[in-house]
> 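Sending over a structure as structure tokens; questions will come in a sec.
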Amino acid sequence: MFSHQYVTADQLAGFDKYKYSAVDTNPLSMYVMQHLWNKIVKVVPLWIAPNLLTFVGFLMILWNYLLLCFYDWGYTASGIGYQHIPNWVWISAALGNFLAYALDSIDGKHARITQSSSPLGELFDHGLDSWTASIFPMSIFSIFGCNSGDSALAATTMYSVTCIVLFTFMLSHWEKYNTGVLFLPWAYDISQMSMSVLYILTAVVGVDTFHKPLVFNFYMTHVLITFLVGCSLLISVPQTVHNIFRGYNQKTLLKPSLYEGLLPLLSPSLLCFLLSIWVAYSPCGILEKQPRLFLWMLGVTFSNVTCRVIISQMTNTRCEVFHWMLFPLILLVGAAVSGLLGQVEEITFIAFTLLTTAAHVHYGVCVGRFVQGKQLSKHLNIYVFSIRKRYAD
């Protein structure tokens, strides 16, 4: 039942040849944060596996998100006249976000110190990052809500911003798919620090402060949107385009044609296109009815697509043309917007969301090591959550 091979023989062979190559030119990272991380990593016990640090950081982000779900499922708690989220939740979010940021920054350093670096560790790290990329904005949205008058975030705005954030994350791995080098995005460190500060600010001044205009009719919500979109369009996209063109001019790109180079962008683009059609033409207004669940489904599906791209770029193998989740999604969107689903559109959407979440977790478990799908960790002769090598019995 769980024996499906998510990693092909060619990809396993590619992991044997894999060499990590990354470039970090972010001034905030190079001149400030790296000094802090170098001090923190020294206090981490040597018996702790780097992947355990990565996973604990992910659980912190997930726990903070689940807390916000409990207090603000429909993104209404920040609205005027509603019971607001307790301040301790924002403090928890700030601490959890920064600690997760720290753990994500030192796991690679700890792996090198313990001589336990492996392709599995990088895959595990970036795979979880692809999931948290959607959880970050979905958590921030609770500060502003969707029913706060002029300062509110419309559900369609939340959806658009989440798509932009996810594509910004994908660009780094698409870039590496073509160049063989991971150029660490400047937006990551800036956004992590900004989110932690914003959570603390929310705990101190309260969400009602953000309902008041900063100047004229310009609200904190507009600052958030401008910041998120600006980081993508003015920092991440230009960096990626520059690095791709430099590789083209130097004739160092790994892919032989424009089609092969653009292939990783096909499935995520089609995913967002299909979901945008659903958002625009849903008879029941599915996004407005279930904003948090819809964004969750978007994030989970996008993460699974991204994980396949990450494996392809790490193993220098051809990316798949269409992700399998797109086929049932095409049928679902077609049935929904045509009115064929009628009153069961919402319950069908919930069932699809549960399916995609279960499929994504199953994929991660099988590829990583757990249960019966031990393909990659067994091939690389290592354990996922232990620095002890796996020896033949």
Side-chain angles (χ1 to χ4, degrees), residues 3-15 17-18 119 122-123 126-127 129-131 133-134 162-182 237 240-241 243-245 247-248 252-279 297-337 352-353 355-364 366-367 373 375-376:
S3 60
H4 179 72
Q5 295 293 304
Y6 285 117
V7 181
T8 67
D10 288 341
Q11 289 171 336
L12 288 174
F15 278 114
K17 304 172 186 176
Y18 178 72
E122 182 181 344
L123 176 60
H126 294 162
D129 286 344
S130 71
W131 200 345
S134 62
T162 304
C163 286
I164 291 173
V165 170
L166 291 174
F167 263 100
T168 301
F169 179 87
M170 168 66 86
L171 283 179
S172 296
H173 295 282
W174 172 67
E175 183 180 4
K176 189 181 179 185
Y177 179 82
N178 285 280
T179 65
V181 179
L182 179 64
V237 172
T240 297
V241 172
N243 292 328
I244 292 289
F245 270 101
Y248 174 77
T252 58
L253 293 182
L254 301 177
K255 305 307 169 187
S257 67
L258 180 63
Y259 171 75
E260 291 292 337
L262 294 176
L263 201 55
L265 299 181
L266 181 58
S267 285
S269 298
L270 184 55
L271 170 65
C272 288
F273 173 75
L274 289 170
L275 292 182
S276 297
I277 294 295
W278 198 357
V279 167
M297 183 265 289
L298 164 64
V300 168
T301 311
F302 203 102
S303 176
N304 199 269
V305 172
T306 304
C307 286
R308 312 294 178 117
V309 175
I310 292 172
I311 289 179
S312 294
Q313 55 95 341
M314 290 181 67
T315 58
N316 196 24
T317 54
R318 189 173 189 264
C319 182
E320 63 184 0
V321 179
F322 291 105
H323 190 280
W324 73 266
M325 287 184 183
L326 295 177
F327 294 103
L329 182 61
I330 290 173
L331 297 176
L332 178 58
V333 172
V337 300
F352 180 76
T353 301
L355 171 65
T356 55
T357 303
H360 187 48
V361 172
H362 177 264
Y363 175 81
C366 287
V367 171
Q375 48 189 337
L376 184 53

> Considering only heavy atoms from C-beta outward, does the side chain of V7 approach that of V367 to under 4.5 Å?
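They are in side-chain contact.
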> Would a 4.5 Å heavy-atom cut-off, applied to side chains only, mark W131 and V361 as touching?
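W131 reaches V361 side chain to side chain.
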> Is any side-chain heavy atom of H126 closer than 4.5 Å to a side-chain heavy atom of L182?
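Yes, side chains in contact.
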> Looking only at heavy atoms, which two atoms of I277 and V337 are closest? And how far apart?
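Of all heavy-atom pairs spanning I277 and V337, the closest is O-CG1, 3.9 Å.
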> Mind listing the closest non-hydrogen atom pair of E320 and L263 along with its distance?
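Closest approach of E320 to L263, heavy atoms only: O-CG, 4.2 Å.
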> Any sub-3.5 Å donor-acceptor pair from S276's side-chain atoms to C272's backbone N or O?
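It does hold such a pair.
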> Checking I330 against L274 for the side chain to side chain contact (heavy atoms under 4.5 Å, CB included) test, could you report, in this order, the C-alpha distance in whole Å, the side-chain angles of both residues, the deciding distance, and whether it holds?
CA-CA 7 Å; I330 290 173; L274 289 170; 3.6 Å; yes
> I want to check something: taking the side chain as every heavy atom from C-beta on, are L253 and T179 in contact at a cut-off of under 4.5 Å?
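In short, these two side chains touch, coming nearer than 4.5 Å.
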> Measuring only between side-chain heavy atoms, which start at C-beta, is V309 closer than 4.5 Å to W174?
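SC-SC contact between V309 and W174 ruled out.
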> Of all heavy-atom pairs between W278 and A336, which one has the smallest distance, and what is that distance?
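Heavy atoms of W278 and A336 come nearest at NE1-CB, 3.3 Å.
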> Apply side chain to side chain contact (heavy atoms under 4.5 Å, CB included) to F302 and C163, showing your working.
CA-CA 9 Å; F302 203 102; C163 286; over 6 Å; no
> For S130 and C307, which heavy atoms make the closest approach, and how far apart are they?
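Nearest heavy atoms, S130 then C307: OG-SG, 3.7 Å.
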> Verify, without hydrogens or angle tests, whether T301 (side chain) and L298 (backbone) share a donor-acceptor contact under 3.5 angstrom.
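Not confirmed, T301 side chain does not pair with L298 backbone.
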> Can you tell me how far the CD atom of E175 sits from the CD atom of Q313, to the nearest 0.5 Å?
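Taking CD in E175 and CD in Q313, the distance rounds to 10.5 Å.
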> Can you name the nearest heavy-atom pair linking S303 to H360, along with the distance?
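Taking S303 first and H360 second, the nearest heavy atoms are OG-NE2, 3.0 Å.
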> Can you name the nearest heavy-atom pair linking A359 to N304, along with the distance?
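Scanning both residues, the minimum pair turns out to be O-ND2, 4.4 Å.
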> For Y363, enumerate each residue passing the ring pair (Phe, Tyr, Trp, His ring centres under 6.0 Å) test, keeping only those at least two apart in sequence or located in another chain.
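Scan of Y363 (ring pair (Phe, Tyr, Trp, His ring centres under 6.0 Å), adjacent residues dropped) gives Y6.
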> I would like to know whether L271 and H323 meet side chain to side chain contact (heavy atoms under 4.5 Å, CB included); could you show each step before the answer?
CA-CA 9 Å; L271 170 65; H323 190 280; over 6 Å; no
> What distance separates E260 CD from Y177 OH, expressed to the nearest 0.5 Å?
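Reported to 0.5 Å precision, the distance equals 5.5 Å.
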> Side chains of T306 and H173: any donor to acceptor distance under 3.5 Å?
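Judged by distance alone, the side chains do not pair up.
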> Does M325 reach the side chain of S267, with side-chain heavy atoms less than 4.5 Å apart?
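Result no, sub-4.5 Å side-chain heavy-atom pair not found.
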> Test of understanding: with side-chain hydrogen bond (donor to acceptor under 3.5 Å, both in side chains), list the residues that count as partners of D129, not counting sequence neighbours.
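Once residues adjacent in sequence are excluded, D129 has no partner under the side-chain hydrogen bond (donor to acceptor under 3.5 Å, both in side chains) criterion.
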> A side-chain contact here means heavy atoms from C-beta on lying under 4.5 Å apart; do F352 and L329 qualify?
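When only atoms from C-beta onward are counted, L329 and F352 do touch, with a gap below 4.5 Å.
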> How long is the straight-line distance from CG of N243 back to OG1 of T252, given to the nearest 0.5 Å?
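Rounded to the nearest 0.5 Å, the OG1-CG separation comes out at 10.0 Å.
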> Contact between N316 and K255 at the side-chain level, heavy atoms closer than 4.5 Å - yes or no?
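They are in contact (side-chain heavy atoms under 4.5 Å apart), so the answer is yes.
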> Distance-only, no hydrogens or angles: does the Q11 side chain make a donor-acceptor pair with backbone N or O of T8 under 3.5 Å?
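Answer holds: yes.
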> Quick one: pull up CG in N178 and CG in L262 and give me the separation to the nearest 0.5 Å.
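Atom-to-atom, N178:CG and L262:CG are 7.5 Å apart.
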